[in-house]
S.K.: 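Dropping a structure here in C-alpha cells format, bear with me for questions.
Reminder, nothing fancy here: chain letters follow the sequence lines and each chain counts from 1. Quantities reported herein were computed from a predicted structural model and do not represent experimental measurements.
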Amino acid sequence: MHDLNNILLSKRHFMNWSMGGIGSTALATMLKSDLTANTTHFYPRAKRAINICLVGGLSHIDSFDYKPGLEKFHGKSPPDKTKINVFFNKVGLIRKHDWTFRRRGQSGLWVSDLFPHIAKIADELTVIKSMHSDTGNHTPALFMCNSGFMTNGFPSLGSWLSYGLGNESDSLPTFVVIPDNRGMPSGGADSWSSAFLPAEHQGITLSNKASSTIRDLFPDENKTRINSESSSSQLLKYMAKKQIDELGGSDPILEARLKSYELAAKLQTAIPDVSNIESEPVYIKRLYGLGQKPTNEFARSCILSRRLLEKGVRFVQLYSGGPLGGKPRTSWDGHELMIPNHEREAARIDKPVAALIKDLKMRGMLEDTLITFTTEFGRTPFTESAPNDLGGGRDHNNAAFCVWAAGAGLRPGMSYGSTDEIGYAVHDKPVSWHDFHATLLHLFGIDHTRLSFYHNGIQRRLTNVHGNVLNEIIA
Amino acid sequence: MVSPRIAKIAFLYFLLPFLTNAKAKEEWWSLSPEKIQETEIIRNKSAHWSINEIDYFVYDKLAKSNLSPSPKSDPRKLIRRVYFDLIGLPPSPDQVEEFCLSPSDKKYNKIIDDLLSSPHYGERWGRHWLDVARYGESNGFEYNEPRNNAWPYRDWVIKAFNGDMPYNEFAKSQICGDIKYKDRGGDAAVGFLVAGIHNTVLPGKEILKKQARADELEEMIGAVGQAFLGMTLHCARCHDHKADPISTKDYYAFAANLSGVYHGEKKRLKDAKQKIFTVLAKDPGLMKIHLRGNVASLGEEILPGSIPSIGGKENEFQINSDSKDSERRSKLADWITSERNPLFSRVAVNRIWAWHFGRGIVNTPNDFGANGATPTHPKLLDWLAIRFREEGHSVKYLHRLIMNSATYRQSSVTRKKAYEVDADSTLLWRFPPRRIDAESLRDSILMVSGTLNRRAGGPGYKDTKEEHFNAGRYYIAMDPVGEEFDRRTVYRFSPRGGRPSILDAFDAPSPSSSCPQRQTTTTPAQVLSLTNSSFVLRKAKQFSERLEAESNFIDEEIIDRAWEIALNRKPDTKEKKIAMRIIQEEGLMVLCRTLFNSSQFVLIE
C-alpha cells in the first residue's frame with residue numbers, strides 16, 4: 001500500500017521543494033514533466049489559496065448572519081433550554097446583535113458594522129451561513145476546521161493540497177503558515193502538521209516579525225549562505241556520486257539528497273526576498289494599513305501572503321488570534337464581553353483582509369486564487385450568564401456559524417444556507433467541515449473521494465467518509 | 001427508482017458487511033492459523049547460497065520471479081549495518097578493523113551477541129516500540145499538561161528488550177501489568193494504555209462529557225488493536241467494520257474490557273514519594289452499544305469479551321456486567337496472547353522483520369486486515385511465527401535467526417535487471433539500503449563528536465521551553481548546551497509540541513498516533529538542519545577538537561581519522577585532496593560538518 005502512495009506522489013511531484021516519498025522509479029519523470037494540469041481530476045478553478053483562520057469563534061450573529069429575531073426576543077429566555085448543549089452550560093437571556101447590520105453593495109449581502117472595510121467588498125464574498133461542527137471545544141474544533149478530524153494526528157488542508165498538487169515553486173515550500181504575533185493557536189504546530197503524510201507536506205512556519213524567516217535558514221547573524229562552489233560542497237557531491245556508483249549507478253534517496261542541497265541554497269535567497277515588504281509601493285502599504293495601528297501586524301501578514309502566492313506558494317494560512325484566554329483575551333473568544341473583544345480583534349484584520357482582496361483583484365489574481373475566512377465555531381444568541389441575566393458575553397456555538405470565501409470559481413455576492421430565527425442552529429442546507437473541504441478541493445480540481453493516503457489500515461481522506469460539494473456556490 | 005444515497009447505504013451497511021465478513025471469516029489469510037509443511041521448508045534447501053531456513057523461503061520467491069540473490073556484503077559495510085540495526089550507533093574504528101581483518105562467521109555471531117547484550121540495544125529497539133505505542137509525554141490539546149512521570153514506561157520498554165522478556169509477557173504486562181506483574185514494574189508497563197493523547201478540557205454538560213470519554217476509549221482500543229492484533233478495531237465504533245469481520249458488538253465487548261482504564265498518576269511502589277503516570281482503574285460500569293457511535297442513543301448491554309473472528313469465542317470470558325476492571329483486563333490479555341489467536345505472533349514477527357529490513361513481510365504492520373497489504377512471503381511469515389512461539393517468544397532469538405541468514409548478509413548493490421523487476425527490493429534480491437532515522441542520526445553525531453553521554457534511564461532531558469498562555473501550554477524547541485542534553489535521543493522528554501529541527505526534518509513521527517514504520521523523506525529542511533542548526537555546528541566543532549587531540553594536529557592524520565570515525569573507512573585520494581583544501585579554505589569544523597552531511601553518514605547499506 002505504501003508503494004501505491006509512492007506512485008501517486010511521484011506523479012504529482014516534479015519541481016519539488018522537497019523530495020519525499022519518491023518511489024525509486026520516479027525521479028526521472030519527476031524532474032522533467034509538468035503534471036499539475038493533467039493530474040487533477042477535473043479542470044481546476046483555483047491554483048492557490050489563502051486561509052484566514054479566526055481562533056476562538058467569531059460571532060456569526062454579530063457579523064454576517066443578520067437575525068431580526070434577536071431584536072424581537074432580546075432579553076427573553078431561549079425556547080426549549082433542554083435541547084441546548086453549550087460548552088460551559090450557562091444559558092442566559094437572548095441578546096440582540098451588538099453591531100448594526102446593513103445591506104451592502106450591489107448584492108445586498110448583510111454585513112454588520114463590525115467589519116466596515118470587508119463590508120465594502122461584500123460583492124466579492126460567498127457567505128455560508130449554515131456551518132456546523134461536531135464539537136464546541138476549542139482545540140478539537142480548530143483541528144476539525146483544519147483537518148476534518150477532532151484530534152491531533154491528521155493532516156490539514158494545506159498538507160493535503162501539497163500532497164495532491166505538488167509544488168509550483170522550486171525555491172519555496174508549498175504550504176506556509178503565519179501565526180499571530182501574540183502566539184500560537186491552541187494545539188500549536190499540530191494544526192498544520194502533515195501528520196501521517198510525508199514530512200515534506202507540513203506547513204512551514206514563517207514569522208511575520210520584521211525579518212521573516214524560517215528555522216535554520218542561516219547559521220549565524222551574517223546569513224552565511226550555502227555556496228555550491230565551495231570545496232565542502234564539492235566534497236559532498238563527490239562522495240554522493242561515489243556511493244551512487246558503488247551502489248550500481250542509481251539510488252533515489254542519494255539523488256534526491258543532492259538535489260535538496262541545491263533547493264536549500266535557493267531557499268536562502270527566496271525567503272529574504274519574499275519577506276522584503278518594505279519594497280512595496282506606498283499606496284499598497286496604505287491600502288493594507290501597514291505601519292498603522294492596529295492593523296500593522298495583520299497588514300504585514302496579508303502582504304507577505306500575497307507575495308508568497310506570487311512566487312508560487314500554493315497555500316498560506318494566516319492566524320488571527322493567538323492563545324486562548326487572557327485578560328484581555330487574545331483571540332475571538334468573547335465569553336465575558338463581546339463588544340470590546342470582537343471590536344479589538346476586528347480592528348486588527350478588517351482593513352488588511354479587505355485590502356488583500358482588492359489587491360488580488362487589481363492584479364488579476366483573484367480569478368484563480370481562493371480566499372477563505374474561517375473560524376472554530378460561532379457564538380450563542382443568548383448570553384453566557386445566569387438563567388435570568390442578560391450578560392455581555394456569548395458562549396461557543398458549534399450548532400451554527402458563518403464562514404466566507406472569495407475568488408476562484410465561486411459565485412460572488414451570495415449567501416448560502418440559513419439558521420433558525422435566532423441563529424442558534426442551522427435551519428436550511430447544513431454545511432459540515434467535510435462539505436466545505438470537499439468544495440475547496442473541488443475548486444482545486446480534486447475529487448475529495450479520490451485524494452487519499454493509506455495510514456494504519458485506512459485509506460484516509462481529508463473528508464473522512466463524508467463530504468458533499470456545494471455546487472450552488474460554484475459559478 | 002432507488003436513490004443513489006439509499007443504494008449506497010444499503011450497500012455499505014447490509015451488502016458489503018455480508019460480502020466481506022463472509023469472505024474474511026473463511027478465507028482471510030491472517031485470521032486462519034499458521035500452517036506450514038516441513039516439505040515446503042526443505043524444498044529449496046539445495047540452493048548453495050542459503051544459510052538458514054529464511055533463505056529457503058526467500059530464494060524460492062526470487063526463483064519464481066527469475067531473480068537471484070546478491071552475494072555477501074562487503075564486511076566493512078556489513079558491520080556498520082549490524083551496529084546501526086541493533087544499537088543505532090556506528091562501530092568504532094577498532095571494532096571495524098578487528099572484524100575486517102578476518103570476517104569469519106564466528107566473529108560475526110560474536111558481534112551480534114555482544115550487541116544484543118549491550119544496554120544500547122534496548123534503547124534502539126525500545127524506540128521502535130515507543131513509535132507503535134504512540135508514546136508522548138504530554139496530554140495534547142489545549143492544556144497539553146506535561147507528563148513528567150511517564151518516563152518509567154519508556155524505561156520499562158527498554159529494560160524489557162534488554163532482558164529479552166518473552167513477547168507474550170511483554171504484551172500482557174502492557175495490558176494488565178498493574179494487576180498481574182505489580183512487583184515487576186507492572187504500573188510502568190501499563191503506561192502503554194494511557195500513552196496517547198488525552199483531552200483534559202472538559203465540557204460542562206454531562207452528555208458532552210460522556211462523548212469525550214467515548215473518544216478516549218476509542219483511542220485506547222485503537223492502540224491495543226493495532227499494536228497486538230494488527231487490526232483496526234476502532235473502525236467498528238459506529239458501524240460494523242467495512243473490511244474486516246469485526247462487528248459493532250465486538251467493538252463494545254472489547255471496549256468493556258478497557259472501560260475501567262483512566263489516565264492519571266499514582267504513587268510508585270518502590271518509592272512512595274515518587275509518582276508514576278499510569279492507569280488509574282475505576283469501576284468500569286455497564287457497557288451498552290452506542291448506536292452509530294452516539295452516546296445519547298444507547299442499544300443493548302454488552303458483556304466484556306473477545307472477538308470471535310480473531311480466535312475468540314462467544315462469551316468466552318464468562319464474566320458479568322458487574323465484574324471488576326482487573327478481571328476484565330486479565331481476561332483480555334490472556335485471550336490476546338493465547339495460541340488460539342492467529343494474529344498475535346504473526347504481527348510481532350512482522351514488526352521485528354520490518355525493523356531489520358525497513359519493510360515488513362506485510363508492509364502494513366499495524367493492519368493485517370483486508371485493507372492492509374498481503375504478505376510478500378506468507379509461508380516465511382508463518383514459519384517465523386511458529387518458530388517465535390516455540391522459542392518462548394524470544395525477540396533476541398529472532399534477531400539471531402534473521403541476522404544469521406544469507407538474506408540479511410547480502411550486499412546492497414543494485415543489479416539492473418533485478419532493479420527493473422523489483423525496484424523496492426520487496427523480494428529481497430539485495431539488502432535494501434536505507435537512510436538512518438532521526439534518532440540514530442542525532443545519536444551518531446553525538447558519538448562521533450565524542451560527546452555522547454551514555455547515562456541510561458530516569459527522567460528525560462528537556463530541550464523544550466514550556467510557555468504558558470493562560471490555560472494553554474506550548475512547548476518551544478530549544479538547543480540547551482551541556483552533558484545532560486547529550487544523552488541518547490530516546491531519553492528526550494517528548495511532549496506533544498516543539499522539537500529540535502533534526503527530529504522534525506528527519507521524519508521522527510508525531511506521537512499523536514501509532515507509527516508502525518518510519519517514512520523517509522528528503523527535504524531542504526534536512527539540509528538546513530544539518531548545515532545551520534546550532535546543535536550540528538556545535539557538534540562539528542567538538543568533533544574537530546576531538547580529531548585534533550587524537551591526531552597530534554597533523555592534517556593528514558586528522559583526515560584519515562575523521563573518515564574512520566565517521567564513516568568506518570579510509571578516505572580515497574581525491575577525498576583527501578578536497579579535504580585538505582577544505583581545512584585550508586573553510587576550516588576543520590566545516591570538514592566535520594560536511595562529513596555529517598555526507599551520503600555515507602546517513603545512508604546505511
Side-chain angles (χ1 to χ4, degrees), chain A residues 1-3 17-21 24-25 85 87-89 137-140 151-153 183-184 186-188 190 193 195 198-200 215-219 226 230-232 234-236 238-240 243 247-251 253-254 256-257 260-261 263-264 267 322-326 456-458, chain B residues 140-142 197 199 201 203-205 207-208 226 232 363-364 366-367 369 371-373 412-415 423-424 433 435 469-472 474 496-497 501 507 510 512-514 519-524 526-529 531-533 537 574 578-579 581-582 585-586 590 594 597-600 603:
Chain A
M1 298 301 267
H2 279 284
D3 298 333
W17 126 264
S18 44
M19 321 276 288
S24 30
T25 46
N85 283 332
F87 199 74
F88 289 101
N89 210 16
N137 191 345
H138 282 296
T139 313
T151 59
N152 306 57
M184 303 269 257
S186 61
D190 271 21
S193 122
E200 58 176 311
R215 217 171 179 194
D216 297 332
L217 188 61
F218 298 110
I226 295 168
S230 66
S231 298
S232 48
Q234 279 174 32
L235 181 61
L236 273 186
Y238 172 75
M239 289 175 80
Q243 197 177 10
L247 277 168
S250 156
D251 184 84
I253 300 176
L254 295 183
R257 286 196 91 243
S260 71
Y261 280 80
L263 292 174
L267 194 64
L324 299 164
N456 278 351
I458 298 167
Chain B
F141 298 99
E142 179 184 340
I197 49 174
N199 199 349
V201 182
K205 192 110 173 171
I207 195 81
L208 298 179
Q226 290 177 54
T232 51
N363 199 23
T364 53
N366 270 3
D367 184 13
N371 281 342
S412 288
V413 173
T414 298
R415 282 169 293 133
D424 292 328
R435 198 205 69 213
F469 286 99
N470 317 307
Y474 302 83
R496 292 172 167 101
S501 60
D507 307 290
S510 146
S512 295
S513 68
S514 172
Q519 290 175 336
T520 305
T521 66
T522 307
T523 71
Q526 295 171 354
V527 178
L528 296 179
S529 178
T531 309
N532 295 335
S533 72
L537 294 173
K574 182 153 185 198
I578 310 178
R581 270 211 321 266
I582 296 173
E585 293 165 7
E586 303 172 72
V590 172
T594 308
N597 277 272
S598 72
S599 60
Q600 286 190 15
L603 193 86

S.K.: Which pair of heavy atoms, one from A/Asp216 and one from B/Ser529, lies closest together, and at what distance?
M.R.: OD2-CA, 3.6 Å

S.K.: I'd like to know if the side chain of A/Gln234 and the backbone of B/Ile578 have a donor-acceptor N/O pair within less than 3.5 Å.
M.R.: no

S.K.: Taking the side chain from B/Glu142 and the backbone from A/Thr139, do they hold a donor-acceptor pair closer than 3.5 Å?
M.R.: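 No; judged by distance alone, with no hydrogens or angles, the pair does not exist.
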
S.K.: In sequence, state the C-alpha distance, the side-chain angles, and the governing distance for B/Val527 and A/Leu267, and then conclude on side chain to side chain contact (heavy atoms under 4.5 Å, CB included).
M.R.: CA-CA 11 Å; B/Val527 178; A/Leu267 194 64; over 6 Å; no

S.K.: Between A/Leu235 and chain B, which part of the residue has a heavy atom less than 4.5 Å away: side chain, backbone, both or neither?
M.R.: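 Its backbone and side chain both get close to chain B.
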
S.K.: Check ring pair (Phe, Tyr, Trp, His ring centres under 6.0 Å) between B/Tyr474 and all other residues, then give those that pass, not counting sequence neighbours.
M.R.: B/Phe469

S.K.: At a heavy-atom separation under 4.5 Å, does A/Ser193 approach chain B through its side chain, its backbone, both, or neither?
M.R.: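 Neither part.
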
S.K.: Is A/Ser230 close to B/Glu585 at the side-chain level, that is, under 4.5 Å between some pair of heavy atoms?
M.R.: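 No, side chains not in contact.
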
S.K.: Is B/Thr594 close to A/Leu236 at the side-chain level, that is, under 4.5 Å between some pair of heavy atoms?
M.R.: yes

S.K.: If you measure from OG1 on B/Thr520 to CD1 on A/Ile253, what distance do you get to the nearest 0.5 Å?
M.R.: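 One finds 5.5 Å between OG1 of B/Thr520 and CD1 of A/Ile253.
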
S.K.: Drop me the distance from A/Leu247's CG to B/Leu603's CG, to the nearest 0.5 angstrom.
M.R.: 6.5 Å

S.K.: Find out whether A/His138 and B/Val201 are in side-chain contact, i.e. whether some heavy atom of one side chain is under 4.5 Å from a heavy atom of the other.
M.R.: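 No, too far: nothing below the 4.5 Å cut-off.
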
S.K.: With a 4.5 Å limit on heavy-atom distance, are the side chains of A/Asn152 and B/Ser510 in contact?
M.R.: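 Side chain of A/Asn152 against side chain of B/Ser510, heavy atoms only: no contact under 4.5 Å found.
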
S.K.: Distance from B/Leu528 atom CG to A/Tyr261 atom OH, nearest 0.5 Å?
M.R.: 9.5 Å

S.K.: Examine whether an atom of A/Asp190 lies under 4.5 Å from a heavy atom of chain B, and if so say whether it belongs to the side chain, the backbone or both; otherwise answer neither.
M.R.: side chain

S.K.: Taking A/Arg257 for its side chain and B/Asn597 for its backbone only, find out whether a donor-acceptor pair lies under 3.5 Å.
M.R.: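 Checked: pair present.
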
S.K.: With a 4.5 angstrom heavy-atom cut-off, which part of B/Thr232 approaches chain A: side chain, backbone, both or neither?
M.R.: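 The side chain, not the backbone.
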
